[in-house]
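This report refers to the structure that appears directly beneath it.
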Amino acid sequence: METVIKIDGKVVDRTKETINQDINTGEVEVVIDKFIILGECKELPMPVFSDQEYSEEIRLKYRFLDLRRKKIHENIILRSKVISFIRNEMSKFGFLEFQTPILTSSSPEGARDFLVPSRLNPGKFYALPQAPQQFKQLIMVSGFDKYFQIAPCFRDEDARADRSPGEFYQLDLEMSFVQQEDVFNVVEKLLVSTFKKFSNKELMFKEFPKITYSDALLKYGTDKPDLRNPLIINDITEIFTREDVSFEIFKKLVKKGSRVRCIVTKNTKDKPRSFFDNIDKWAKDQGASGLAYFTIEKDKEVSAKGPVGKFFSKESLEEIMKKTQGKVGDSIFLACSNQKELERITSLARDKIAKDLNLIDENTFAFCWVIDYPMFEKNDQTNKIEFSHNPFSMPQGEINKINFEKPLDILAYQYDIVCNGIELSSGAIRNHIPELMYKLFSIAGYEKKQVDEKFRGMINALSYGAPPHGGIAPGIDRIVMLLANEKNIREVTMFPMNQNAEDLMMNAPSEVSENQLKELSLSLKLKK
RNA sequence: GGGGGUGUAGCUCAGUUGGUUAGAGCGAUCGCCUGUCACGCGAUAGGUCGAGGGUUCGAGUCCCUUCACUCCCGCCA
């Protein structure tokens with residue numbers, strides 16, 4: 001019954017027998033004089049009072065009914081409160097909130113743009129901002145030294161469970177005359193107070209640990225490590241160059257340039273054979289050649305038990321134990337491959353093994369900073385040097401001492417914040433020196449002329465006395481997702497689109513009339 | 001663009017080895033009951049088994065194609 005009615009009557013106490021403690025209004029009742037129907041309800045396509053799961057299709061089509069349901073209703077209220085709180089905190093920190101244009105120019109790099117045709121300028125298009133990146137830098141140049149905005153961002157890329165198609169919100173912020181640490185201080189304070197206020201879960205670290213990008217890839221196999229997971233990856237390639245190790249398959253691969261990395265699990269010598277074999281089988285399902293394993297035991301002297309245990313001498317085992325902090329009773333899972341593939345499989349294995357051993361405390365938030373991203377990276381397919389993140393980031397080191405001959409060694413003041421393995425945001429100290437920018441762009445293969453064409457507004461602004469500045473942009477949707485303990489971003493979004501970027505309720509996107517197209521000087525040329 | 005999962009009544013689902021007329025709970029409608037609050041009781045309606053094709057004496061079930069939703073890879077500086 002979802003019909004809306006208006007009742008005239010007297011509220012009276014219930015008789016003692018009819019008091020119901022289970023409901024809020026259980027001690028009173030209304031004696032009805034008259035009632036009228038204000039809004040009639042047809043047969044419901046889905047029940048409103050129920051904890052049952054329903055298909056996304058029906059939920060999205062009737063979102064206004066879905067939103068009446070308790071769980072998601074509360075999620076949306078939480079979202080509102082979190083945003084108010086953040087606004088308030090940012091103001092307290094001395095930041096000013098500014099709006100930036102929604103109709104702007106298409107950016108040449110990064111994600112696909114949403115385009116909006118211009119009626120007054122036939123053949124030309126606006127783009128919806130992927131982020132207010134250039135505007136916030138211009139705000140700094142304009143002399144407002146602390147800016148923030150709960151900013152809508154638009155990217156025409158495919159969806160994921162934690163990534164809305166089309167649009168999402170960032171807490172966009174930027175500060176002048178700052179170094180990386182200053183940005184960290186603001187964001188850490190904000191996140192700690194927000195997460196303490198809106199969640200009962202523990203924060204694993206009061207001060208967020210800082211992990212370098214290269215360390216993260218080695219120890220966790222990814223640049224968004226879940227630090228709730230205590231497992232750590234070690235590189236033990238050198239062990240396989242020893243004479244007293246006879247694991248020939250790995251030794252051959254190592255000779256050809258492969259590396260060996262391993263994960264140590266504590267005190268798992270009594271786990272059944274099936275535990276180990278399942279993980280090996282799982283790794284094969286993931287497209288790896290499997291995970292070799294052995295368990296470290298000790299009778300009179302240290303030895304390795306398991307299918308490949310016999311290949312390791314006592315001395316080599318002691319060396320492995322030293323390198324990995326492994327102890328007697330622990331087990332070791334080994335993978336051998338090229339670096340990229342190793343990072344992929346050890347990262348997945350770290351999650352899988354921790355899950356199987358139940359090592360992850362679901363009641364904690366583990367934040368960390370990932371810092372020292374490389375400025376450039378080599379594209380495997382084209383072999384060309386490209387910007388690895390934001391081309392506007394400031395390279396590290398004294399400017400006249402940077403070795404531009406070895407671009408892959410240049411680090412940037414570029415950082416990410418990660419919580420429980422989810423990337424919340426990335427940010428950077430920006431490059432505010434035009435000459436340096438031209439130099440960096442030239443390494444990535446752009447001539448001065450091209451840079452001027454694409455970023456004229458930006459470069460021009462930086463030529464009239466720009467303060468050093470930097471910032472970051474934490475994802476609002478993902479923060480609320482973590483606080484609401486949801487795995488899907490639609491659970492914290494009021495009117496989300498489906499995976500194909502369609503709004504099933506409003507029927508968007510939709511076709512438009514010939515007249516509208518004509519006014520915009522557009523004609524359609526559909527595939528097939 | 002690629003891979004996996006799901007698709008049976010308005011909703012959530014069951015449906016055996018391919019075998020008679022496809023079932024249940026909730027919801028809806030009608031009636032009964034009236035101190036109920038997820039009321040109770042009785043009855044009724046409700047199905048292109050996602051769609052199309054094939055195999056078979058016979059297909060919800062097997063095969064092929066396709067569509068929708070979803071998860072993942074690519075993509076997201």
Query raised in the report: Is the CZ atom of A:Phe35 crowded by more than 12 outside heavy atoms at less than 6.0 Å?
Result: no

Query - Inter-nucleotide C1' distance (B:C69, B:A24), Å rounded - result: 25 Å

Report summary line: side-chain hydrogen bond (donor to acceptor under 3.5 Å, both in side chains) pairs touching residues 438-455 of chain A, sequence neighbours excluded, are A:Glu109-A:Tyr446, A:Tyr438-A:Asp452

Requested in this report: Hunt down the Watson-Crick or G-U wobble partner of B:A43, both distances under 3.5 Å, from any strand shown, or write none.
Outcome: B:U29

Report task. Considering only atom C1', compute the distance from B:G42 to B:G35 and round it to an integer number of Å. Result -> 22 Å

Report summary line: A:Phe154 meets the ring pair (Phe, Tyr, Trp, His ring centres under 6.0 Å) criterion, sequence neighbours left out, with none

Query raised in the report: Could you state the CZ-C1' distance from A:Arg14 to B:U36, rounded to the nearest angstrom?
Result: 9 Å

Query - Between B:A68 and B:C62 - P atom distance, rounded Å - result: 23 Å

Report task. With sequence neighbours excluded, tell me which residues meet salt bridge (Lys or Arg N to Asp or Glu O under 4.0 Å) with A:Glu386. Result -> none

Report task. For atom CG of A:Asn403, decide whether the heavy atoms of other residues, nucleotides or ligands shown that lie under 6.0 angstrom number more than 12. Result -> yes

Query raised in the report: Taking atom P in both B:U8 and B:U16, what distance in whole Å separates the two?
Result: 16 Å

Report task. Determine the Euclidean distance between corresponding P atoms of B:U20 and B:A28; express it in Å to zero decimal places. Result -> 33 Å

Return all side-chain donor-acceptor pairs below 3.5 angstrom for residues 470-486 of chain A, not counting sequence neighbours, or 'none' if the list is empty.
unit_1	atom_1	unit_2	atom_2	d
A:Asp477	OD1	A:Tyr169	N	2.9
A:Asp477	OD2	A:Arg79	NH1	3.2
A:Asp477	OD2	A:Arg79	NH2	3.2
A:Arg478	NE	A:Asp162	O	3.0
A:Arg478	NH1	A:Glu423	O	2.8
A:Arg478	NH2	A:Asp162	O	3.2
A:Asn485	OD1	A:Lys201	NZ	3.2
A:Glu486	OE2	A:Lys71	NZ	2.8
A:Glu486	OE2	A:Asn75	ND2	3.0

**Report entry** Spacing of the C1' atoms in B:C57 and B:A9 (rounded, Å)
**Finding:** 30 Å

Query raised in the report: For B:A68, which nucleotide is its Watson-Crick or G-U wobble mate, given both distances must be under 3.5 Å?
Result: B:U6

Query raised in the report: With a 4.0 Å cut-off on heavy atoms, is A:Ser55 in touch with a base, just the backbone sugar-phosphate, or nothing at all?
Result: sugar-phosphate

Report summary line: Sorted by chain and residue number, the ring pair (Phe, Tyr, Trp, His ring centres under 6.0 Å) partners of A:Phe144 (sequence neighbours excluded) come out as A:Phe98

**Report entry** Sugar-phosphate, base or nothing in reach of A:Glu502, heavy atoms under 4.0 Å
**Finding:** sugar-phosphate

**Report entry** P spacing across the pair B:U66 / B:G4, given as an integer number of angstrom
**Finding:** 13 Å

**Report entry** Rounded interatomic separation in angstrom, taking CD1 from A:Ile23 and P from B:G35
**Finding:** 17 Å

Query raised in the report: Who does B:G1 pair with, Watson-Crick or G-U, both distances under 3.5 Å?
Result: B:C73

Query - Sequence-aligned protein contact record of nucleotides 70-77 of chain B, with B where the base is within under 4.0 Å of a protein heavy atom and S where only the sugar-phosphate is - result: BBSBBBBB

Query raised in the report: Within this structure, what is the CZ-to-P distance between A:Arg69 and B:G27, rounded to whole angstrom?
Result: 16 Å

Query raised in the report: Mapping A:Glu43 and A:Glu17 onto RNA chain B by nearest heavy atom, which one lands closer to the 5' end?
Result: A:Glu43

Report task. For A:Glu386, answer base if it contacts any base atom (sugar-phosphate contacts may also be present), sugar-phosphate if it contacts only those atoms, and nothing otherwise; contact means non-hydrogen atoms under 4.0 Å. Result -> nothing

Query raised in the report: Do A:Arg59 side-chain and B:C11 base share a donor-acceptor contact under 3.5 Å?
Result: no

Query - A:Tyr373 and A:Asp416 side chains, donor-acceptor separation under 3.5 Å - result: yes

